[in-house]
Amino acid sequence: MIRVLLADDEAMVRAGVRAILASDDRIDVVAEAGDGAEAVELVQKHRPDVAVLDIRMPRMDGLAAGAEIRRTTPDTAVVMLTTFSEDAYIAKALGDGASGFLLKSGDPRELIAGLKAVADGAAYLSPKIAHRVIAELGAGSGGGRMARAAEAKEQIGVLSPREREVLALVGAGLSNAEIAARLYLVEGTVKAYVSAVLTRLDVKNRVQAAIIAYEAGLVN
């Protein structure tokens with residue numbers, strides 16, 4: 001089972017999301033919060049696999065709550081589910097270690113797929129968000145892109161050939177199970193490789209690692 005906490009200040013929205021998740025028998029909503037501070041408290045109490053957070057909430061917003069959850073309860077993955085897709089929100093959430101960013105306007109099946117991917121150790125961005133992130137990576141002057149590429153290539157220089165291979169598959173969006181099948185490894189070994197890659201690259205999550213893989217040219 002994938003144990004989930006929902007946090008949104010609108011009870012009707014929480015009810016709608018809960019109903020969507022209830023359609024999948026692998027997902028169990030174990031707690032609900034009406035603001036970010038309550039979400040942090042309930043995550044520490046219930047230790048869910050995934051915390052699904054709205055951005056704009058009273059007392060503590062979802063961005064601050066997500067950062068605090070990643071700091072205090074790192075085994076709980078954070079997914080932002082919001083109406084707002086401003087670049088600053090996306091950058092802040094991913095920079096603070098969120099594993100997913102989904103829009104409330106998206107397909108309900110996307111929400112379920114995203115939670116399953118994140119629970120399996122992958123990262124997940126809604127297609128609209130992924131497009132904007134990739135566009136941002138390609139934006140700016142050619143010199144800027146070349147500088148980022150050179151920096152990323154230098155960063156991955158600390159990795160072993162196998163770790164680079166794992167990083168490339170992380171960048172392609174594969175989950176631990178999918179990487180294990182691709183490389184003929186057991187899933188536990190893949191988790192160890194991914195953990196080592198994140199540590200060596202000094203990044204907080206798979207999204208940040210995937211960006212480095214993209215900029216270093218490991219992902220087409």
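Count residues from 1 along the sequence.
- Between Ala7 and Ala39, the shortest heavy-atom contact is CB-CB, 3.8 Å.
- A distance-only check finds a donor-acceptor pair linking the side chain of Arg70 to the backbone of Thr76 [under 3.5 Å].
- For the atom pair Thr189 OG1 and Leu183 CG, the distance stands at 10.5 Å (nearest 0.5 Å).
- Legend: residues meeting side-chain hydrogen bond (donor to acceptor under 3.5 Å, both in side chains) with Asn176, ordered by chain and number and at least two apart, are Arg206.
- Using a 4.0 Å cut-off between a side-chain N of Lys or Arg and a carboxylate O of Asp or Glu, Arg14 and Asp54 do not qualify as a salt bridge.
- No more than 12 heavy atoms of other residues, nucleotides or ligands shown are found within 6.0 angstrom of CZ on Arg182.
- Under the 4.5 Å side-chain heavy-atom criterion for ILVMFWY residues, a single connected hydrophobic cluster contains both Leu53 and Val43.
- For the atom pair OG1 (Thr73) and NZ (Lys45), the distance works out to 14.0 Å, reported to the nearest 0.5 Å.
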### side-chain contact (heavy atoms from CB on, under 4.5 Å) between Asp202 and Gln155, worked out
CA-CA 9 Å; Asp202 193 25; Gln155 284 180 279; over 6 Å; no
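- Summarising the geometry of Val29 relative to Glu32, their closest heavy-atom pair is CG1-CG, 4.2 Å, with the distance given to 0.1 Å.
- A pairwise comparison of heavy atoms in Asn205 and Leu198 identifies O-CD2, 3.5 Å as the closest pair.
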### Query
Run the side-chain contact (heavy atoms from CB on, under 4.5 Å) check on Arg47 and Asp75 step by step: do they pass?
CA-CA 8 Å; Arg47 305 281 170 163; Asp75 288 340; over 6 Å; no
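- A salt bridge does not link Lys92 with Asp61: none of the charged nitrogens is closer than 4.0 Å to a carboxylate oxygen.
- Both Val190 and Leu159 belong to a single network of hydrophobic side chains, linked directly or stepwise wherever heavy atoms of I, L, V, M, F, W or Y lie under 4.5 Å apart.
- Linking ILVMFWY residues whenever their side-chain heavy atoms come closer than 4.5 Å, directly or via other members, leaves Val78 and Met57 in distinct clusters.
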Pairs of donor and acceptor atoms involving the side chains of residues 111-120, under 3.5 Å and at least two apart or interchain, shall be tabulated with distances.
{"unit_1": "Lys116", "atom_1": "NZ", "unit_2": "Asp24", "atom_2": "OD2", "d": "2.6"}
{"unit_1": "Asp120", "atom_1": "OD2", "unit_2": "Ser175", "atom_2": "OG", "d": "2.7"}

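- Using a 4.5 Å heavy-atom cutoff, the side chains of Val79 and Tyr124 are not in contact.
- In this structure, Asp49 contributes its side chain and Arg3 its backbone to a donor-acceptor pair below 3.5 Å.
- Between the CD atom in Glu38 and the CE atom in Met60 there is a gap of 12.0 Å [rounded to 0.5 Å].
- Panel note: side chain Glu163, backbone Tyr193; no donor-acceptor pair is recorded below 3.5 Å.
- Heavy-atom neighbours of Met1 CE from other residues, nucleotides or ligands within 6.0 Å: above the threshold of 12.
- The minimum heavy-atom distance between Leu103 and Ser126, with the atom names listed, is CG-OG, 4.0 Å.
- One finds the CD1 atom of Ile2 at 10.5 Å from the CG atom of Asp25 (value rounded to the nearest 0.5 Å).
- The minimum heavy-atom distance linking Lys104 with Thr83 is given by the pair CD-OG1, 3.6 Å.
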### Message
Applying side-chain contact (heavy atoms from CB on, under 4.5 Å) to Leu5 and Ile69, what does each step give before you reach the verdict?
### Response
CA-CA 12 Å; Leu5 170 135; Ile69 288 168; 5.6 Å; no
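- Rounding to the nearest 0.5 angstrom, the gap separating the CG atom in Leu125 from the CD1 atom in Ile90 is 8.5 Å.
- Side-chain N or O atoms of Thr199 include one that pairs as donor or acceptor with a backbone N or O of Ser195 at under 3.5 Å.
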### Query
Given the rule in the side-chain contact (heavy atoms from CB on, under 4.5 Å) test, do Leu169 and Glu178 qualify, once you have shown the distances and angles that lead to the verdict?
CA-CA 9 Å; Leu169 296 176; Glu178 291 168 333; over 6 Å; no
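- If you take CD1 on Ile27 and CD1 on Ile20, they are separated by 10.5 Å, rounding to the nearest 0.5 Å.
- Linking Ile, Leu, Val, Met, Phe, Trp and Tyr whenever their side-chain heavy atoms come within less than 4.5 Å leaves Phe101 and Val17 in two separate clusters.
- The hydrophobic cluster containing Ile212 also contains Leu174, counting ILVMFWY residues as joined when their side-chain heavy atoms lie under 4.5 angstrom apart, directly or transitively.
- In plain terms, the two heavy atoms of Leu167 and Ala209 that are nearest each other are CD1-O, 3.4 Å.
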